[in-house]
There are 2 protein chains.
Amino acid sequence: MTRTARYLLALYIAEHRSSPPIPSGRIAELVDRSPAAATEMLQRLETDGLVDLEAYRGATLTDDGLERAADLHGTYVALSWFFRDVLDLDAHEHEAMEMAGLLSAEVADRLVHLLVDGNGRPDVDARLDADGPLDLPTLSTSRE
Amino acid sequence: MTRTARYLLALYIAEHRSSPPIPSGRIAELVDRSPAAATEMLQRLETDGLVDLEAYRGATLTDDGLERAADLHGTYVALSWFFRDVLDLDAHEHEAMEMAGLLSAEVADRLVHLLVDGNGRPDVDARLDADGPLDLPTLSTSRE
DNA sequence: GACTCCGTTTAGGCATACCTAAAACAAAAA
DNA sequence: TTTTTGTTTTAGGTATGCCTAAACGGAGTC
């Protein structure tokens, strides 16, 4: 069930771009898998109570799913920041997404704090509602 | 084939503790899997030319395997350092081992340089020949 | 109202990586 | 030399996560 995190994060991001339900085809694009794979995984997520699924219409995060996804997104943002600003690597958002679900809670937590404590309060929602094919967290310290 | 890295790293460490061939049972312990699982994976590694396998005796890294394993070990050491000295987390060597094989070459490389450049030349071999149930890279800046 | 199109879901398969239980083996004890 | 003991390997099976091709459904067109 390691991959569930990847789909949860994709759905979280998609829901910030357009309103749910999010069709499985869009999730498939975001995780770079076949539509069939996305459908299957969304069904598993529904079984786990993390997603509401309306056949032929799409998926919506449940409260539980939203909670997990928000955590994952925080980790993802921290990793993206780390790759870009610490390791000086661009275009590693994809790897950040893949890795977000693989870190232990401790490591994820410390990484997020490393970012927050060292950079003021970063606006984690930054760019969530922005344009672009991928969620590129710029980590500006405030937005509105 | 993501898990191959885990076994390769275990074998690398084991070979520094006692002389090869390393019996599959010992690898099984190091990766926390059943002996049967270790045997199977070692057979796959042999097929891939990364390991020499003598039935009922054990495995030895080939030159190719050694090369890959040494890289993995470098990444592992860097991750361990990062978890301990940057994130201030102890007892995360296990996670470092699991993660070492999951990082892209770029990220692994930058992470290693982050460690090397910021800490003098760390002795990557430190503790490889030391006692203890796990390989705990202390990252002292020199040894002999 | 029937048809066409396009996206979604189901069906059938496959690779990886694991497990338990049974068989095979090697080395030491009797 | 035979037996016992402990380890390794094989056999058979399972879960996850993916794929392609076929079937299905819905929305707009004729």
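Below, read A as the first sequence line, B as the second, and so on, with proteins coming before strands; counting in each chain starts at 1. Computed over heavy atoms, backbone and side chain alike; hydrogens, waters and symmetry mates excluded. Nothing here was measured: the structure is a model prediction, and the numbers come from that model.
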Degree of bending, the helix from C:dG1-D:dC30 to C:dA30-D:dT1 (end axes from five pairs; round to 10°):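 Both end axes considered, the difference amounts to 20°.
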So if I define the base as every atom that isn't primed, P, OP1 or OP2, how would nucleotides 8-14 of chain C read as a B/S/- string at a heavy-atom cutoff under 4.0 Å? BBB----
Intermediate values then yes/no, side chain to side chain contact (heavy atoms under 4.5 Å, CB included), B:L45 and B:Y7: CA-CA 9 Å; B:L45 290 173; B:Y7 287 81; 4.0 Å; yes
Set of residues satisfying side chain to side chain contact (heavy atoms under 4.5 Å, CB included) with respect to [X], sequence neighbours excluded:
{"X": "A:Q43", "result": "A:T39, A:L53"}
{"X": "A:A36", "result": "A:S34"}
{"X": "B:D32", "result": "none"}

If the cut-off is 4.0 Å, is [X] near the phosphate of [N], judged by side-chain N/O to OP1 or OP2?
{"X": "B:S34", "N": "C:dC18", "answer": "no"}
{"X": "B:R44", "N": "C:dA17", "answer": "yes"}
{"X": "B:R3", "N": "C:dC18", "answer": "yes"}

Gap separating the [atom1] atom of [X] from the [atom2] atom of [Y], nearest 0.5 angstrom:
{"X": "B:E67", "Y": "B:L50", "atom1": "CD", "atom2": "CG", "value": "10.0 Å"}
{"X": "B:E93", "Y": "B:F83", "atom1": "CD", "atom2": "CZ", "value": "9.5 Å"}
{"X": "A:T75", "Y": "A:L79", "atom1": "OG1", "atom2": "CG", "value": "7.0 Å"}

Does anything in residues 52-66 of chain A pair up under side-chain hydrogen bond (donor to acceptor under 3.5 Å, both in side chains), and if so which pairs, sequence neighbours excluded?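 As it turns out, the side-chain hydrogen bond (donor to acceptor under 3.5 Å, both in side chains) pairs with a partner in residues 52-66 of chain A, which skip direct neighbours, are A:E54-A:R57.
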Just the table, please: protein N/O against nucleotides 2-5 of chain C N/O, every pair under 3.5 Å.
none

Quick one: hydrophobic cluster around A:M1, which other residues, with the 4.5 Å side-chain cut-off, linked directly or via members?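 ILVMFWY cluster around A:M1 holds nothing else.
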Heavy-atom pair with the smallest gap, counting every atom of B:V31 and B:A10: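 That would be CG1-CB, 3.7 Å.
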Mind checking what makes salt bridge (charged side-chain N to carboxylate O under 4.0 Å, His left out) contact with A:R44, not counting sequence neighbours?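 Only A:E40 meet the salt bridge (charged side-chain N to carboxylate O under 4.0 Å, His left out) criterion with A:R44.
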Distance-only donor-acceptor hits, side chain of residues 99-116 of chain A, under 3.5 Å, sequence neighbours excluded:
| unit_1 | atom_1 | unit_2 | atom_2 | d |
| --- | --- | --- | --- | --- |
| A:S104 | OG | A:E106 | OE1 | 3.4 |
| A:S104 | OG | A:V107 | N | 3.2 |
| A:S104 | OG | B:E95 | OE1 | 2.7 |
| A:S104 | OG | B:E95 | OE2 | 3.2 |
| A:R110 | NH1 | B:L87 | O | 3.0 |
| A:R110 | NH1 | B:D88 | O | 3.1 |

Once side-chain hydrogen bond (donor to acceptor under 3.5 Å, both in side chains) is applied, do any residues pair with B:R3, and if so which ones, sequence neighbours excluded?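 Partners of B:R3 by the side-chain hydrogen bond (donor to acceptor under 3.5 Å, both in side chains) criterion, ordered by chain and then number, come out as B:E98.
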Positional range of nucleotides in DNA chain D within the contact set of chain B, heavy-atom, under 4.0 Å: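 Extent of the interface on DNA chain D: D:dT8 to D:dT10.
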